[in-house]
Amino acid sequence: MPVPAAMRRYLRKSLRGTLGLAIGATTAVAEFLYVLFGGMALAVPALRRPVFAGARTLSEVERRRLEKYFGEENAADYTDRRAMAYLVPRCVIGLLCAAIFLMILLGGGSGLIIAAQLFDGQSPGGGAPADWYDPVTTLLFGGILVFLCLQGLIGAATLDARLARRFFGPSTNEQLRRRLSELTTSRAEVVEAVNGERRRIERDLHDGVQQRLVALGMLLGRARRATDPDRASDLLRQAHEESQRALVDLREVSWRVYPIALDADGLHPALEALAERSGIPVHLRVDLPERPPAAVETVVYFVASEAVTNTIKHAAATRIDIEAEREGDRVRVRITDDGTGGARESGGGLSGLAMRVAAADGQFTVDSPIGGPTVVTAVLPCE
């Protein structure tokens, strides 16, 4: 039975975090010795600068470890004195983590010995025959110890990350620099998203409505030149049908540009109209006690619309589920299909959606393993 993608990601993250804690437990020994002897060396004024410089080197090791194994990105513009102050509580947390790992190793070794004794019919510790309750109590207390050790590791990881944020947290200048970078990126993404929409509209008009109108003009021209009344009547009938199809295409294009129902009635009716026009059964669930801002409604609608369009074109799906709901100060929309999977955020219309969502300071993810299902999720701030 294949392991779900979410479970694989969780296992990888857990293993990476455990390795990061083990490395941090090892470096804590060197940090403890450095704090002990370096603290005494600070009494000598001539040694203060090299001691602080060494503390910064050790702190950089910790900062990069947290970034690599825990995804904790912290600023590097802290002072050498702050680095020395960070190492004092950091070595305590690291040694605590080392003690937990030592307990796990000792507990694992003891568990193997006790298991061997139980299989030989001896009670834990040996020297007496095993009773019926010995395996039960061994499993019970062993499970409790494993739980406590895991909780200890999780707590140590949390303390480690919080301590780094406390000492390495971005300064005001770093926060301004990051925000400026985000705004610059968002502006570029807005421009690219608008250009992408223009190209799409031009393509829809050229490949759809324009071709219909050309065909309509040709039919009317042939009808004008026809000398047989029956032939002219047949051509006019075809021209009338072609005009109806052109109107349908034009209505579809206008809906994709901006649905009037979104302004007039809100997101729910617009999504209902989207579901009705879909060639695949769409199951809709909307839980929005209050109407979100118009800008948020627009992004949510187009995320759902483009995801449905991509599913119809490429996924070979038989069912689509659209969920839109409020989560605190955010609106989340999730589109799930039972198609073949393999969709990528960087491909096709999904890249345009990612830029549109990013321009609204939202988060956009695509989970689409080969074989499906595909889940497209967008979370947008709603303040």
Side-chain angles (χ1 to χ4, degrees), residues 9-116 141-171 174:
R9 288 196 298 270
Y10 177 77
L11 290 175
R12 285 197 298 267
K13 182 179 179 181
S14 299
L15 291 175
R16 186 169 60 248
T18 303
L19 178 59
L21 284 175
I23 295 173
T26 304
T27 56
V29 178
E31 292 162 3
F32 173 75
L33 295 174
Y34 191 87
V35 168
L36 180 63
F37 295 105
M40 292 187 292
L42 290 176
V44 181
L47 297 178
R48 289 176 183 173
R49 179 172 294 180
V51 168
F52 286 138
R56 183 178 182 86
T57 300
L58 290 174
S59 297
E60 275 297 294
V61 171
E62 295 299 330
R63 190 179 68 85
R64 292 173 182 174
R65 175 182 65 86
L66 291 170
E67 181 178 351
K68 180 177 180 180
Y69 294 101
F70 297 96
E72 291 284 336
E73 296 184 6
N74 295 295
D77 59 346
Y78 54 92
T79 63
D80 294 350
R81 288 178 178 271
R82 197 168 183 82
M84 188 67 183
Y86 162 74
L87 290 179
V88 176
R90 159 62 202 141
C91 68
V92 176
I93 296 174
L95 292 175
L96 174 63
C97 192
I100 297 173
F101 276 113
L102 181 60
M103 289 178 60
I104 292 175
L105 291 176
L106 293 176
S110 300
L112 291 176
I113 295 173
I114 292 173
F141 286 106
I144 292 174
L145 289 176
V146 170
F147 173 77
L148 291 177
C149 288
L150 291 177
Q151 288 299 313
L153 289 178
I154 294 172
T158 303
L159 286 175
D160 212 1
R162 288 184 177 179
L163 185 68
R165 285 195 294 268
R166 171 68 178 80
F167 284 89
F168 302 150
S171 62
E174 178 67 13

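This one's a predicted model, so the numbers in the text were calculated from it and none came from an experiment. Computed from heavy atoms alone, side chains included, the values below leave out hydrogens, waters and symmetry copies.
With a 6.0 Å radius and a threshold of 12 heavy atoms from other residues, nucleotides or ligands, Phe101 has its CZ atom above the threshold. Within a 6.0 Å radius of CE in Met40, other residues, nucleotides and ligands contribute more than 12 heavy atoms.
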Criterion salt bridge (charged side-chain N to carboxylate O under 4.0 Å, His left out) on Glu60 and Arg63, from CA distance to verdict: CA-CA 5 Å; Glu60 275 297 294; Arg63 190 179 68 85; 2.9 Å; yes
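The distance from atom CD1 of Ile93 to atom CG of Leu163, rounded to the nearest 0.5 Å, is 4.5 Å. The distance from the CG atom of Leu159 to the CD1 atom of Ile154 is 12.0 Å, given to the nearest 0.5 Å. Separating the OG atom in Ser110 from the CG atom in Leu105 is a distance of 10.5 Å, to the nearest 0.5 Å. Rounded to the nearest 0.5 angstrom, Thr158 OG1 and Phe70 CZ are separated by 9.0 Å. The distance from atom CG of Leu153 to atom CG of Leu96, rounded to the nearest 0.5 Å, is 9.5 Å. Between the SG atom of Cys97 and the CD1 atom of Ile23 there is a distance of 11.0 Å, given to the nearest 0.5 Å.
In plain terms, the two heavy atoms of Ala46 and Pro50 that are nearest each other are O-CD, 3.8 Å. Nearest heavy-atom pair across Tyr78 and Ala83 is CE1-CB, 3.7 Å. What you find for Leu95 and Ala28 is that their closest heavy atoms are N-CB, 3.6 Å. Taking each heavy atom of Cys91 and Val35 in turn, the nearest pair found is SG-CG2, 4.5 Å. Smallest separation of non-hydrogen atoms from Ala164 and Leu66: CB-CD1, 3.2 Å. Taking each heavy atom of Tyr86 and Ser59 in turn, the nearest pair found is CD2-OG, 3.6 Å.
A search for side-chain contact (heavy atoms from CB on, under 4.5 Å) contacts involving Leu42 returns Arg48, Val51, Phe52, Met84, not counting sequence neighbours. With sequence neighbours left out, the salt bridge (Lys or Arg N to Asp or Glu O under 4.0 Å) criterion links Glu31 to Arg90. Contacts of Arg65 classified as salt bridge (Lys or Arg N to Asp or Glu O under 4.0 Å), with partners at least two apart in sequence or in another chain: Glu62, Asp160.
By the 4.5 Å heavy-atom criterion applied to side chains, Val146 and Leu150 are counted as neighbours.
Arg82 places a side-chain N or O within donor-acceptor distance of the main-chain N or O of Phe167, the cut-off being under 3.5 Å.
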